[in-house]
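Contents: one structure, followed by commentary.
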Protein chains: 2
Amino acid sequence: MAKKSDLLPGTLDMLILKTLTRAPLHGYGIALSIKRISDEVLQVEEGSLYPALQRLLLQGWVKAEWKQTETNRRARYYTLTETGRKQLGLELSEFDRMIAAITRVLREA
Amino acid sequence: MAKKSDLLPGTLDMLILKTLTRAPLHGYGIALSIKRISDEVLQVEEGSLYPALQRLLLQGWVKAEWKQTETNRRARYYTLTETGRKQLGLELSEFDRMIAAITRVLREA
DNA sequence: ATCTACCCATAGATAATCTATCTATCTGGC
DNA sequence: GCCAGATAGATAGATTATCTATGGGTAGAT
């Protein structure tokens, strides 16, 4: 059974970093944002999201801060760091390179 | 360490199936073809290639036949089956869908 | 003879994602 | 008052895919 994943593997960290360029967000908000902007195509499961955020924290690409949300809940807000921004740039250009290469193979009749 | 893979995970099977739409090829030839057409960007390691070919055989998406190469070696030639062709169609449209969705997220300033 | 390119394949490590599960609070409908 | 559903966080375990490393072997050129 062709098991379709909700994401293209290897792209989640990039998507999260990109999402955080607009504004700091908590995890749940990041998932909602990606889902909404992708027209519901990209579904970030919690079991993918939170481990990914831990990775990004460990790498120092984001930092986290506990705050109150507008709806008065406690939540952990993630902010892109300067090295995170650099990393995003690297990942974006590598992604472009890959997609261009894959497209060449797929177009070659 | 941002460990860059030689492939975008989740795309190898599709690349192999696509490569076989042109003509039956042996494993080594598939790897060379993908590498060449992608301008050396996509490097299919043997440890990725042969397990992938086993998967495709198991699924019935390709079939294999031992033959002699033009250079007089024995090699296993893989041919795309009819269900393999259908599968490729599915994977291509799913890939397009994913890329379009990711692009929306990455473009959203 | 030995080196390089050609060819197949598996084992084990690594990484990323998913499913499933758990905790907890807030809001709205009944 | 109570319950469902949305909001919010996190981890364990299974699954899958890739890479690294290794093994086997042949053909042709030097």
Side-chain angles (χ1 to χ4, degrees), chain A residues 1-17 24-36 41-59 62 64-78 91 94-95 98 102, chain B residues 1-17 24-36 41-59 62 64-78 91 94-95 98 102:
Chain A
M1 292 302 87
K3 123 166 352 180
K4 53 164 64 172
S5 127
D6 291 331
L7 289 170
L8 196 56
T11 61
L12 178 56
D13 292 9
M14 179 178 70
L15 291 171
I16 292 174
L17 292 175
L25 278 175
H26 48 71
Y28 189 75
I30 293 170
L32 282 185
S33 172
I34 291 177
K35 182 175 174 178
R36 187 177 53 77
V41 174
L42 304 174
Q43 313 271 346
V44 185
E45 305 298 331
E46 303 182 344
S48 310
L49 176 65
Y50 293 106
L53 288 170
Q54 300 300 321
R55 284 198 298 273
L56 298 178
L57 275 173
L58 258 173
Q59 300 289 146
V62 301
E65 212 183 346
W66 285 96
K67 283 192 188 172
Q68 290 301 113
T69 68
E70 294 167 1
T71 54
N72 218 37
R73 282 156 202 283
R74 89 189 217 301
R76 216 172 169 193
Y77 279 82
Y78 295 88
E91 295 198 14
E94 179 61 15
F95 181 72
M98 281 286 175
I102 291 171
Chain B
M1 294 295 90
K3 123 164 352 178
K4 56 163 62 174
S5 124
D6 291 331
L7 289 170
L8 195 55
T11 62
L12 178 56
D13 292 10
M14 178 177 71
L15 292 171
I16 293 174
L17 293 176
L25 277 176
H26 47 69
Y28 189 76
I30 292 170
L32 282 186
S33 173
I34 291 176
K35 182 174 174 181
R36 186 177 54 78
V41 174
L42 304 174
Q43 314 271 345
V44 185
E45 304 299 332
E46 301 183 344
S48 310
L49 176 66
Y50 292 106
L53 288 170
Q54 299 300 322
R55 284 198 298 273
L56 298 180
L57 275 173
L58 257 173
Q59 300 290 145
V62 301
E65 210 183 347
W66 286 96
K67 282 192 189 173
Q68 290 300 111
T69 68
E70 294 168 2
T71 54
N72 216 35
R73 279 155 207 285
R74 88 186 219 303
R76 217 173 170 194
Y77 280 82
Y78 295 87
E91 294 197 15
E94 180 61 15
F95 181 72
M98 281 286 175
I102 291 172

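A, B, ... follow the sequence lines: proteins, then strands. Residue 1 opens every chain.
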Distances under 3.5 Å only, N/O to N/O: pair up the protein atoms with those of nucleotides 10-12 of chain D.
{"from": "D/dA10", "atom 1": "OP1", "to": "A/R76", "atom 2": "NH1", "distance (Å)": "2.7"}
{"from": "D/dA10", "atom 1": "OP2", "to": "A/Y78", "atom 2": "OH", "distance (Å)": "3.2"}
{"from": "D/dA10", "atom 1": "N6", "to": "A/E46", "atom 2": "OE1", "distance (Å)": "2.9"}

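Screening B/I34, B/L8, B/T11 for a side-chain contact (heavy atoms from CB on, under 4.5 Å) involving B/L42 leaves a single residue, B/I34.
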Could you walk me through whether A/Y28 and A/L49 pass the side-chain contact (heavy atoms from CB on, under 4.5 Å) check? CA-CA 9 Å; A/Y28 189 75; A/L49 176 65; over 6 Å; no
Go through it in stages, so that I can follow the logic: the residues are B/V44 and B/I30, the test is side-chain contact (heavy atoms from CB on, under 4.5 Å), and I'd like the CA-CA distance, side-chain angles, deciding distance and then a yes or no. CA-CA 9 Å; B/V44 185; B/I30 292 170; over 6 Å; no
Pair A/R73-A/Q68, side-chain contact (heavy atoms from CB on, under 4.5 Å): steps then yes or no: CA-CA 5 Å; A/R73 282 156 202 283; A/Q68 290 301 113; 5.6 Å; no
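The residue among B/N72 and A/D13 whose nearest nucleotide of DNA chain C lies closer to the 5′ end is B/N72.
Of all the heavy atoms in A/L7 and B/M98, the pair that sits closest is N-CE, 3.9 Å. When every heavy atom of A/A64 is checked against every heavy atom of A/R76, the shortest pair comes out as CB-NE, 3.6 Å.
Using a 4.5 Å cut-off on side-chain heavy atoms (C-beta onward), A/I16 and A/Y78 make no contact.
When the C1' atom of C/dA16 is taken as reference, atom CG of B/L7 falls 15 Å away, rounded to whole Å. One interatomic measurement links the two molecules: CG of A/D6 to P of C/dT17, which rounds to 11 Å at whole-angstrom precision. Here the P atom of nucleotide C/dA16 and the CG atom of A/L49 are 15 Å apart, to the nearest Å. Going from atom CG of B/L8 over to atom C1' of D/dC19 covers 15 Å, rounded to whole Å. One can place CD of A/E65 at 17 Å from C1' of D/dG9, the figure rounded to the nearest angstrom. Here D/dG28 presents its P atom at 11 Å from CD of B/Q68, a figure rounded to the nearest Å. Distance, A/R74 CZ to D/dA6 C1': 16 Å, rounded to whole Å. Rounded to an integer number of Å, the gap from CG of B/L58 to P of C/dA9 is 13 Å.
A/G29 comes within contact range of no nucleotide atom at all, as no heavy-atom separation falls under 4.0 Å. Using a 4.0 Å heavy-atom criterion, one finds that A/L32 contacts no nucleic acid atom at all.
Each of D/dC19, D/dA6, C/dC7 was ranked by its minimum atom distance to the side chain of A/Y28; first place goes to D/dA6. Distances from the side chain of B/H26 to the nucleotides D/dG25, D/dA6, C/dC8 place C/dC8 closest.
Proximity of B/T71 to the phosphate of D/dT26: no side-chain N or O atom is located under 4.0 Å from OP1 or OP2. For B/R55 and D/dT18, the shortest distance from a side-chain N or O to OP1 or OP2 is below 4.0 Å.
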